[in-house]
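Worth saying up front: this structure is predicted, and the values here are computed from it rather than measured.
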Amino acid sequence: MEATTLVFVRRGGEILLGRKLRGFGRGKWNGFGGKLRPGETVTAGALRELAEEAGLTALAEDLVRIADLQFDFTAAPELNHPAAVFVLERYAGEPVRTEEMEPRWFPQTELPYTEMWAADAVWLPQVLAGNYVRGRILFAADGETVLATTWEDA
């Protein structure tokens, strides 16, 4: 799989998540993002995906890179991919439902981790607390269970 991006939009003490309506990760709550197009920078891809999936626009300089993760799947190596993760606090527009995502604001202290990717409960609280994270997450054959996480010093 190509390199990907994730953007977590923050408004005060709330985080905007999108429930995936189709494709990879269907039914899960997540940040907004996806695969980079050929020749596209990670910031350009992050902003494009945010606009396509939530109807929000922002400036590249307002994206704060908070994590660089490698997601690996033992039973489906074609799904292995790196992800550049950003937090965004300045944006324009109001979140709208799209064909791919249903946006909803959650209090940061009440994120629906049981309805997100299993590893999110490990790394997302760290980055939302302001810590940069770099690491690898290995998923079992079921694509859900986390077998291992490896973190590097930033």
Inset, instruction - Verify side-chain contact (heavy atoms from CB on, under 4.5 Å) between L50 and L88, making sure each step is shown before the conclusion. - result: CA-CA 10 Å; L50 181 65; L88 178 70; 3.5 Å; yes
Legend entry - Carboxylate-amine/guanidinium contact R37 E52, below 4.0 Å: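 Result for this pair is yes, salt bridge flagged.
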Legend entry - Check ion pair K28-E144 (N to O, under 4.0 angstrom):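 The answer is yes: the pair qualifies as a salt bridge.
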Inset, instruction - Answer yes or no: is there a side-chain heavy-atom contact under 4.5 Å between W117 and V146? - result: no
Legend entry - Close side-chain approach of V122 and I137, heavy atoms under 4.5 Å: no
Working to the nearest 0.5 angstrom, can you tell me the gap between [X] [atom1] and [Y] [atom2]?
| X | Y | atom1 | atom2 | value |
| --- | --- | --- | --- | --- |
| R90 | L59 | CZ | CG | 7.0 Å |
| L111 | L17 | CG | CG | 5.5 Å |
| L21 | E53 | CG | CD | 10.0 Å |

Legend entry - Derivation and outcome, side-chain contact (heavy atoms from CB on, under 4.5 Å), residues L128 and R10: CA-CA 9 Å; L128 293 177; R10 185 182 299 202; 3.4 Å; yes
Inset, instruction - Check the angle between the aromatic planes of H81 and F73 and answer parallel, tilted or perpendicular using the 30° and 60° thresholds. - result: parallel
Inset, instruction - Let me see the working for R22 and E100 under side-chain contact (heavy atoms from CB on, under 4.5 Å), right down to the final yes or no. - result: CA-CA 6 Å; R22 64 179 187 194; E100 192 164 352; 3.8 Å; yes
Inset, instruction - Go through the steps for D120 and W29 under the test side-chain contact (heavy atoms from CB on, under 4.5 Å), then give the verdict. - result: CA-CA 10 Å; D120 291 357; W29 290 98; over 6 Å; no
